[in-house]
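Counting starts at 1 for both ligands and their atoms, in listed order. These numbers come from a predicted model, not from an experiment.
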Amino acid sequence: MSNRGTLGEYVGQPVEPDRDCGLCPRLVAFRNVQRAAHPDWFNAPVPTFGTSDARLLIAGLAPGLRGANRTGRPFTGDYAGDLLYETMTDFGFARGTYRADPNDGFELVDAAISNSVRCVPPENKPTTEEINTCRRFFAATMVGFPRLSAILALGKIAHDQLLKTLRIPLARHKFAHGAVHALDCLPGVRLYDSYHCSRYNTNTGVLTPEMFRAVFAAVRRDLDNR
Ligand code: SF4
């Protein structure tokens, strides 16, 4: 990232939390319950998927209990991943065959995926305090992407997490599916919004595959024209 601006304080800070990160007591307790019940699951903060030379950073919400929390790779193993990875492949942001397994050899291309909250929250709902606490890792991750050109926020929580990371007032950039925001403090970086590709959103018609594809098409056009 050419202008680290408000992110300067995160330069050199840890990008990935410790496997036993203890900063969020409620999530630690939930993690310990899962470790006891499913010792073969990942059950730890889920690291970013992809390499830091990517131009596109996709910001998710948090690991799904039986998805990323089980497998250890973002969006891997649950319905949201099926839609996300199929769409990313179609638009050239991934290659290989996605088999819902971190050892499937599936790769991201010029893209990376990180969650706003790295640990699985009960009922997929992190608290405001947990989102705030985990922001340090999201911010440090952003700092480590020198070519960052586009951020795709999957859902309002990810959108807000990004704005708060950059200390931009939320009222300045309202979340809306399909919206594109130029970020004054990060010249050359655009923020794209999409409804989260959760099973709930697709089952209820809030997000259709076509709506999701339209967002990726816009990101693809943008990056191809730079
Ligand atoms: S959510 Fe983030 S800050 Fe909280 S315990 Fe997990 S890794 Fe640590």
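Not a single heavy atom of Arg136 lies less than 4.0 angstrom from ligand 1.
For ligand 1, the atoms sitting less than 4.0 Å from at least one non-hydrogen atom of Pro17 are 7 (S), numbered in the order shown with element in parentheses. Close approach of ligand 1 to Val117 (heavy-atom distance below 4.0 Å) involves ligand atoms 1 (S). Residue Leu27 has at least one heavy-atom neighbour below 4.0 Å for each of these atoms of ligand 1: 1 (S). With ligand atoms numbered from 1 in the order given, ligand 1 contributes 5 (S) to contacts under 4.0 Å with heavy atoms of Arg31.
In terms of protein heavy-atom proximity, atom 8 (Fe) of ligand 1 is nearest to Cys21 SG, 2.3 Å. Closest to atom 4 (Fe) of ligand 1, if we only count protein heavy atoms, is Cys24 SG, 2.3 Å. Scanning the protein heavy atoms around atom 6 (Fe) of ligand 1, the nearest turns out to be Cys119 SG, 2.3 Å.
The six-membered or imidazole ring of Phe75 lies near that of His196, with a centre-to-centre distance under 6.0 Å.
For the ring-ring contact (aromatic ring centres under 6.0 Å, His included) with Tyr85, the qualifying choice from Phe106, Phe212, Phe216, Phe91 is Phe106, the only one to do so. Screening His159, His173, Lys156 against Asp193 for a side-chain hydrogen bond (donor to acceptor under 3.5 Å, both in side chains) leaves a single residue, His159.
Residue-level proximity to ligand 1 for Arg135 is absent, since no heavy atom of it falls below 4.0 angstrom.
By the 30° and 60° cut-offs, the orientation of the rings of His38 relative to Trp41 is parallel.
Remark: Asp101 CG to Arg73 CZ distance equals 7.0 Å, nearest 0.5 Å. Taken from CD1 in Ile157 to NZ in Lys164, the straight-line distance is 9.5 Å, to the nearest 0.5 Å.
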**Study point:** Check against side-chain hydrogen bond (donor to acceptor under 3.5 Å, both in side chains), Arg135 and Asn132
**Key:** CA-CA 5 Å; Arg135 186 169 303 130; Asn132 291 343; 2.6 Å; yes
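Ranked by closest heavy atom to atom 2 (Fe) of ligand 1, the top entry among Ser116, Pro121, Cys134 is Cys134.
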